[in-house]
Amino acid sequence: MTGTRRALASRGRLLPVAACPAALACLLAACGSAPAVTSGAKSAGDAVASPAALRSSDPATASPAPSPTPTAAAKPLAGITVGIDPGHNGLNGTDPSFINHLIWNGRANETCDTTGTQTAGGYTEARYNFNVARYLRAALRADGAHVVMTRQNNHGVGPCVDRRAQLLNHSGAQVAIDIHADGGPAWGRGFTVLEPVADGPNDQVIGTSERFGADVRSALLAHTSMPESDYYGSHGIEVRNDLAGLNLTTVPKVLIESGNMVNATDAALLTSPRFQRQFAAALLAAILQFLHK
């Protein structure tokens with residue numbers, strides 16, 4: 001969840017679903033049985049269902065005879081590094097002195113991090129963010145990508161937002177996504193893609209970040225039932241100059257506010273494992289579109 005708002009419209013293109021790899025088709029069908037992170041439980045981390053399990057569990061993609069395993073060179077993201085920052089962390093609220101200490105965000109001081117928002121039923125943004133990140137990581141790996149995540153579980157504190165930017169900047173990633181959900185007015189619905197403003201460190205990736213943001217917006221509209229926000233930004237896009245993750249990035253990057261956890265309709269979607277998988281599929285489609293233009 002993030003703070004002040006300023007609007008900018010954008011648009012993008014999307015690859016036909018028929019052209020997308022099996023990992024995307026499987027996520028869109030919500031196949032497989034990878035468990036979501038449950039409250040109070042230790043993160044499954046890499047214990048997500050394997051790519052093979054994801055593919056084979058979808059009856060629509062099953063074949064009567066085994067087919068050869070594709071080589072790494074044949075996979076659409078072979079040799080590509082993708083960065084994922086699942087916002088916040090499950091125990092941020094237990095260490096206020098650490099979370100509240102000030103860091104430099106590229107323009108001004110801000111706190112190391114926050115606890116994030118939650119639904120009326122207590123489902124936390126940190127948990128949602130990490131679940132979607134895990135589904136996305138599994139799908140990216142199935143398509144050959146090397147994936148770098150800024151945190152490996154949902155039972156820790158931090159790292160700070162400036163450190164998260166540094167981790168992705170130094171990872172060799174060709175593109176990165178910050179995964180969040182918003183805490184807006186109870187009547188408001190929908191997603192918003194947050195894009196960076198040039199401030200020095202990120203000058204070289206403003207244009208590519210805007211292009212990636214357009215791809216994310218198009219993919220979410222095509223592959224999920226979450227609408228564009230009706231209370232934040234314009235046509236699903238907002239530019240921000242006060243977030244370390246965007247101000248400090250040297251990698252093409254956007255931050256996605258996936259929906260409004262305070263709104264009952266959005267909350268029902270955001271807490272659904274099926275929707276979380278479909279949201280990850282949309283992000284995968286956007287990454288494929290961005291990298292293969």
Side-chain angles (χ1 to χ4, degrees), residues 1-14 17 27-28 30 36 84-88 114 116-133 135-136 177-197 209-243 245-246 253-287 289-290:
M1 182 181 66
T2 55
T4 57
R5 293 131 191 214
R6 183 158 62 88
L8 178 70
S10 185
R11 61 186 179 273
R13 301 184 291 114
L14 185 67
V17 172
L27 275 172
L28 286 171
I84 306 175
D85 177 17
H88 312 292
T114 69
T117 189
Q118 62 181 19
T119 69
Y123 191 106
T124 68
E125 179 192 355
R127 178 178 165 194
Y128 165 83
N129 298 341
F130 192 66
N131 282 344
V132 173
Y135 291 136
L136 178 58
I177 182 84
D178 293 350
I179 301 173
H180 286 255
D182 200 19
W187 54 265
R189 287 206 62 201
F191 71 81
T192 309
V193 181
L194 307 188
E195 297 176 351
V197 175
S209 294
E210 290 176 353
R211 180 161 61 83
F212 180 44
D215 292 333
V216 170
R217 172 185 174 273
S218 295
L220 292 178
L221 291 174
H223 295 315
T224 80
S225 56
M226 187 66 73
E228 295 171 342
S229 176
D230 57 10
Y231 68 95
Y232 185 11
S234 176
H235 302 286
I237 302 290
E238 172 81 355
V239 294
R240 291 289 294 270
N241 67 1
D242 59 335
L243 303 174
L246 298 181
K253 185 202 285 186
V254 297
L255 184 154
I256 179 65
E257 296 282 19
S258 307
N260 181 11
M261 298 197 100
V262 179
N263 176 274
T265 302
D266 280 10
L269 290 173
L270 294 168
T271 57
S272 161
R274 180 180 181 84
F275 177 82
Q276 291 170 5
R277 292 180 67 91
Q278 290 174 341
F279 202 91
L283 297 181
L284 173 63
I287 290 167
Q289 174 68 12
F290 173 77

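Since we're looking at a predicted model, the values are computed, not measured.
No donor-acceptor contact under 3.5 angstrom links the side chains of His223 and Gln278, judged on distance only. No side-chain donor-acceptor contact under 3.5 Å links Tyr232 and Asn260.
Between Arg189 and Asp230 there is no salt bridge, since no side-chain N of the basic residue sits under 4.0 Å from a carboxylate O of the acidic one.
Nearest heavy atom pair, residue Val193 against residue Gly213, reads CG1-CA, 3.8 Å. Here the shortest heavy-atom pairing between Val132 and Ala280 reads O-CB, 3.9 Å. Taking each heavy atom of Val254 and Ser209 in turn, the nearest pair found is CG1-O, 3.4 Å. Heavy-atom minimum distance, Phe275 versus Thr224: CE1-CB, 4.0 Å.
For the atom pair Leu283 CG and Tyr135 OH, the distance stands at 14.0 Å (nearest 0.5 Å). Between atom CZ of residue Phe191 and atom CG of residue Leu269 there is a gap of 13.0 Å, rounded to the nearest 0.5 Å. A distance of 9.5 Å separates CG of Asn129 from CD of Gln276, quoted to the nearest 0.5 Å.
Of the listed residues (Ile237, Thr192, Leu221), just one forms a side chain to side chain contact (heavy atoms under 4.5 Å, CB included) with Glu228, and that residue is Leu221. A side chain to side chain contact (heavy atoms under 4.5 Å, CB included) with Thr117 is found for exactly one of Glu257, Glu125, His180, namely Glu125.
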